[in-house]
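Position 1 is the first residue of the sequence, and the numbers go up from there.
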Amino acid sequence: MRSSFVVVSLSLLSATACTVKVPGLSMPGRSSSAAAAPAAPGSTDAPTPAPAAEHRPDAPPSTPVGDLAPYYASLQLDALYHLINDERQDEIYERAKADVGRDLLWQSPNPDPTWILSWRTSDWTNASENAEAMTQAAFNRAWEASCVAEAAAARAIHADLAAAYGPELARVDGLTNYYERMAGYAELSARFEADAAAAGLPIDQDPSGPVGFRVTILRHAVAFHAQSRHAWAGFPWAKFPVADRVRRDDGGRELTDDDDFERARYCAAVSRRGGVRTPAFTSIWSEGHMSAKRVAWPTVTGDERADRARAEALVRDAQAGLATAPAVRVEAVEKLYGVSAPDAEPKLARFRDYTVAAVDGATVKVTRTDEDTYSYACRTTNRFDHFDDNGHAVYQERCKSGRRTFRVDAEVTFDELPPGVTLAVGDVVTFAADVERDRNKQTKKSASRQAYVRTMTLTGRQLDGVRRGKTELSW
């Protein structure tokens with residue numbers, strides 16, 4: 001199934017996301033209340049108030065006015081990013097002066113009163129300050145519009161994916177066979193990530209990180225595994241593409257129905273690290289610089305402190321649903337060695353490379369034979385070997401070699417096997433099982449030959465591998 005959700009073409013910027021020049025939670029000159037900023041000291045012009053209380057990030061963009069309107073409107077986000085981030089501050093003015101001339105930069109009216117709060121027209125010395133304010137305002141305006149659009153596109157992709165994969169997840173939830181169901185979750189997760197990547201939101205490029213239905217799928221898989229008889233083996237994290245990101249410190253969460261909150265979190269992440277097509281936020285001035293009060297700043301990141309606290313709480317809640325117990329160390333049965341079962345699983349043991357000897361429905365007889373050698377009838381020769389720790393001479397011994405054989409015969413009953421897997425005589429199997437009965441006896445005892453047979457009755461818990469000839473069966 002390939003879902004028919006909207007595919008948004010998002011091109012990556014060639015530049016790496018750069019850290020904002022302004023430290024702290026807020027953008028320069030902007031408080032969480034987003035009040036209109038006063039004019040910078042020394043200004044002879046009253047500031048043009050920005051309608052901050054009425055402005056919403058998703059409102060239509062401002063309309064440039066005056067002689068500088070065509071130039072101001074032509075300024076593109078990616079070019080502005082590199083200009084502000086990569087050029088010296090004096091070069092910003094020089095580039096604007098080269099494009100439109102010095103006089104236009106101070107004689108023209110404010111090209112965008114919504115984003116430029118103070119525009120000075122006293123004399124030619126205002127040209128450089130106006131150029132900086134115009135450049136930063138153009139970036140702020142374009143950055144917010146770009147991030148709002150990108151966040152909306154990402155939101156739509158997540159919604160379409162959730163709608164497409166919801167019925168598929170419900171189908172997998174209804175499966176009763178452990179192997180089939182866990183494989184279903186893993187396959188669903190892989191297809192989800194393929195479709196998300198095709199739509200422009202691969203897991204390693206989504207600014208929101210591991211969120212949305214990709215976490216829903218993983219949560220369902222974790223919950224099912226945790227209540228199954230296979231929980232002792234540990235959750236198979238490696239089979240889920242999203243697991244690595246979810247298990248990092250930033251965690252993962254499902255999306256809320258609060259569009260404003262989700263957009264704010266998306267753009268807050270973009271402001272720090274860059275998005276799919278929107279660069280990281282950058283500024284000409286440092287925080288506290290008086291010129292920062294001459295422009296309006298994006299409000300799309302919302303109240304970052306409060307929103308971050310809310311997001312962290314959501315992540316904590318999600319992590320509680322993704323918590324799994326560590327794998328239990330289970331010893332393998334071979335030869336006559338006793339098995340020390342873990343406290344949590346007092347009868348559980350592993351069985352590696354046992355050969356199927358007979359199959360009777362759900363009950364399978366398996367066997368394994370191991371051999372070793374031992375020395376007997378030893379006599380000391382007069383041939384020197386070495387000195388011991390006390391300086392005494394040690395002479396070589398000559399011994400006969402005996403052979404010892406250990407055979408384990410087990411009857412194991414599996415209540416379920418992976419779909420499509422039917423065990424056959426000659427298969428070599430590796431599995432875990434509860435030991436219900438364990439007996440052993442010596443069947444041969446002579447100086448040169450010893451043999452032991454161990455018989456066991458088992459209840460199968462998990463089939464881990466089947467080798468049929470040179471082929472490893474998979475499921």
Side-chain angles (χ1 to χ4, degrees), residues 5-6 8 10 17 20 22 24-27 30-35 51-61 140-163 165-166 192 196 199-203 205-219 242 245-246 248-281 296-322:
F5 48 84
V6 178
V8 181
L10 301 175
V20 181
V22 184
L25 294 171
S26 302
M27 294 179 180
R30 186 198 141 216
S31 66
S32 59
S33 62
E54 304 164 58
H55 172 67
R56 281 187 54 84
D58 51 359
N140 294 357
R141 172 181 183 265
W143 184 89
E144 180 159 284
S146 178
C147 197
V148 166
E150 182 176 318
R155 188 88 160 135
I157 290 171
H158 278 293
D160 290 340
L161 285 167
Y165 279 89
F192 182 97
L201 277 182
I203 183 63
Q205 293 175 14
D206 189 340
S208 295
V211 299
F213 208 74
R214 52 175 40 120
V215 176
T216 305
I217 296 170
L218 184 61
R219 181 173 57 82
V242 70
R245 291 290 303 276
V246 167
R248 294 179 191 171
D249 292 341
D250 55 352
R253 64 178 177 86
E254 292 168 287
L255 292 169
T256 70
D257 294 329
D258 188 338
D259 289 341
D260 289 347
F261 167 74
E262 296 296 350
R263 181 178 58 226
R265 292 310 300 154
Y266 188 96
C267 287
V270 172
S271 73
R272 294 188 298 273
R273 300 185 294 268
V276 180
R277 66 180 179 187
T278 306
F281 195 83
W297 299 90
T299 60
V300 69
T301 54
D303 185 337
E304 292 189 50
R305 190 184 299 275
D307 287 347
R308 183 172 64 251
R310 179 181 174 185
E312 289 172 349
L314 291 170
V315 168
R316 286 194 299 271
D317 290 344
Q319 291 298 300
L322 295 171

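Rounded to the nearest 0.5 angstrom, S208 OG and R253 CZ are separated by 7.0 Å. The structure places CG of D259 at 8.0 Å from CG of D257, a figure rounded to the nearest 0.5 Å. Expressed to the nearest 0.5 Å, how far CZ of R265 lies from OG1 of T256 amounts to 11.5 Å.
L255 has its side chain within reach of R155: a pair of non-hydrogen atoms, C-beta onward, lies under 4.5 Å apart. Between Y266 and V148 the shortest side-chain heavy-atom distance does not fall below 4.5 Å. No side-chain heavy atom of F281 sits less than 4.5 Å from a side-chain heavy atom of C267. Side-chain contact between R214 and D206 is present, with heavy atoms from C-beta onward closer than 4.5 Å.
Closest of all the heavy-atom pairs between G275 and V270 is N-CG1, 3.6 Å. Annotation for W143 and A280: closest pair NE1-C, 4.0 Å, computed over non-hydrogen atoms. Scanning all heavy atoms of the two residues, the minimum distance from D307 to A264 falls at OD2-CB, 3.5 Å. Considering all non-hydrogen atoms of both residues, Q319 and G252 come closest at NE2-N, 3.4 Å.
Partners of P61 according to the side chain to side chain contact (heavy atoms under 4.5 Å, CB included) rule, which considers only residues two or more places apart in sequence or in another chain, are R141. Among residues two or more places apart in sequence or in another chain, the side-chain hydrogen bond (donor to acceptor under 3.5 Å, both in side chains) test is passed with N140 by Q136. With sequence neighbours left out, F192 forms a ring pair (Phe, Tyr, Trp, His ring centres under 6.0 Å) with Y165. The side-chain hydrogen bond (donor to acceptor under 3.5 Å, both in side chains) test applied to S146 returns T278, not counting sequence neighbours. When the side chain to side chain contact (heavy atoms under 4.5 Å, CB included) test is applied to E254, the partners found at least two apart in sequence or on another chain are V215, T216, R219.
Counting only distance, with no hydrogens or angles, the side chain of R273 and the backbone of P207 share a donor-acceptor pair below 3.5 Å. Without hydrogens or angle criteria, E144 side chain to V300 main chain gives a donor-acceptor distance under 3.5 Å.
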Name the atoms and distances for all side-chain donor-acceptor pairs under 3.5 Å in residues 309-318, with sequence neighbours left out.
{"residue": "R310", "atom": "NH1", "partner": "D258", "partner atom": "OD2", "Å": "3.0"}

Exercise for review: I would like to know whether D303 and F261 meet side chain to side chain contact (heavy atoms under 4.5 Å, CB included); could you show each step before the answer?
Suggested key: CA-CA 9 Å; D303 185 337; F261 167 74; over 6 Å; no

